[in-house]
Amino acid sequence: MKKDKKEKERALSEAKKIKIRTFYSILGICLVIVIGIGGKVYMDNKRFNGEMVSVVKSGQAKHIIEEGLKNIDSNALTPEGVIKSYDIDYESIEHNPMGGINGKLYINNTKNLYATFILDVDSEGNLNRNHGISSYSSELDNMLKEKNNG
């Protein structure tokens, strides 16, 4: 009788070990799948962000941005203008949920003088000229008003 009882306990112990191994195997497989999917999403987002940065660095984007700056300051990018230079903040570039690319420009190497822009890419991959500078800081607005009134 003792032998039967020990054999039953041993069989139950083996069954528990098999269940535990199966559980950890399934858990490991699920973990590998989740990590794989997460890595794929991360790489896709990184590639997409790289494509947006290359669009913003293009000559066509530069022309649209400079045209937009000249719309708010007719003497922009000249010694007579309030806006003498600009730098694109590449860290601010993001996809616009309505389509296109949003970003920020720093004016005259000053962080509190900034403008935001929207670039819209059409179905052929060309930038749409209907967008450009979408807003700018109150400090820049005040400087532009001073120059125009003075």
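Below, all heavy atoms of this structure are taken into account, side chains as well, without hydrogens, waters or symmetry copies.
By the neighbour-count criterion of 12 heavy atoms within 6.0 Å, atom CD of E80 is densely surrounded, having more than that number from other residues, nucleotides or ligands.
For the pair M143/K147, no side-chain contact is recorded, criterion being any heavy-atom separation below 4.5 Å from C-beta on. Looking only at side-chain heavy atoms (C-beta outward), I101 and V55 come within less than 4.5 Å of each other. Using a 4.5 Å cut-off on side-chain heavy atoms (C-beta onward), I88 and V56 make contact. The shortest distance between side-chain heavy atoms of Y24 and L27 falls below 4.5 Å. No side-chain heavy atom of K70 sits less than 4.5 Å from a side-chain heavy atom of N75. In this structure the side chain of V82 reaches within 4.5 angstrom of the side chain of L140, judged on heavy atoms.
Across every non-hydrogen atom of G68 and I133, the tightest pair is C-CG1, 3.5 Å. Considering all non-hydrogen atoms of both residues, L77 and S85 come closest at CD2-CA, 4.0 Å. N108 and L113 get closest at one heavy-atom pair: ND2-CD1, 4.4 Å. L69 approaches A76 most closely through the heavy-atom pair O-CB, 3.7 Å. What you find for T78 and K84 is that their closest heavy atoms are O-CG, 4.0 Å. Of all heavy-atom pairs spanning I93 and N49, the tightest one is O-OD1, 3.8 Å.
Cluster annotation: I37 and I29 are assigned to the same hydrophobic cluster (Ile/Leu/Val/Met/Phe/Trp/Tyr, side-chain heavy-atom contacts under 4.5 Å, transitive). Hydrophobic clustering, with ILVMFWY side chains joined whenever heavy atoms are under 4.5 angstrom apart, groups I20 together with F23.
When each of I83, L144, D73 is checked for a side-chain contact (heavy atoms from CB on, under 4.5 Å) with Y136, only L144 meets the rule. With N102 as reference, E94 is the one residue of E94, H95, M52 to meet the side-chain contact (heavy atoms from CB on, under 4.5 Å) rule.
The side-chain tip of K104 does not point at the ring of Y90 from less than 6.0 angstrom away and within 45° of straight on. Note that K111 lies in the cation-pi zone of Y106, set by a 6.0 Å cut-off to the ring centre and a 45° limit from the axis.
In this structure, CG on D89 lies 8.5 Å from CZ on F117, to the nearest 0.5 angstrom. Considering NZ of K40 and CG of D44, their distance stands at 3.5 Å, rounded to 0.5 Å. Taking CG from D141 and CD from E146, the interatomic distance works out to 10.5 Å, rounded to the nearest 0.5 Å.
The main-chain N or O of N112 is found under 3.5 Å from a side-chain atom of S137 such that the two form a donor-acceptor pair.
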Stepwise side chain to side chain contact (heavy atoms under 4.5 Å, CB included) check, T116 with L105 = CA-CA 6 Å; T116 59; L105 307 170; over 6 Å; no
Point to revise | Intermediate values then yes/no, side chain to side chain donor-acceptor pair (under 3.5 Å), Y114 and E139 | key: CA-CA 8 Å; Y114 63 86; E139 290 88 351; 5.9 Å; no
Go through the steps to decide whether R47 and E51 satisfy the test salt bridge (Lys or Arg N to Asp or Glu O under 4.0 Å), and finish with yes or no.
CA-CA 6 Å; R47 182 183 51 79; E51 289 172 5; 2.8 Å; yes
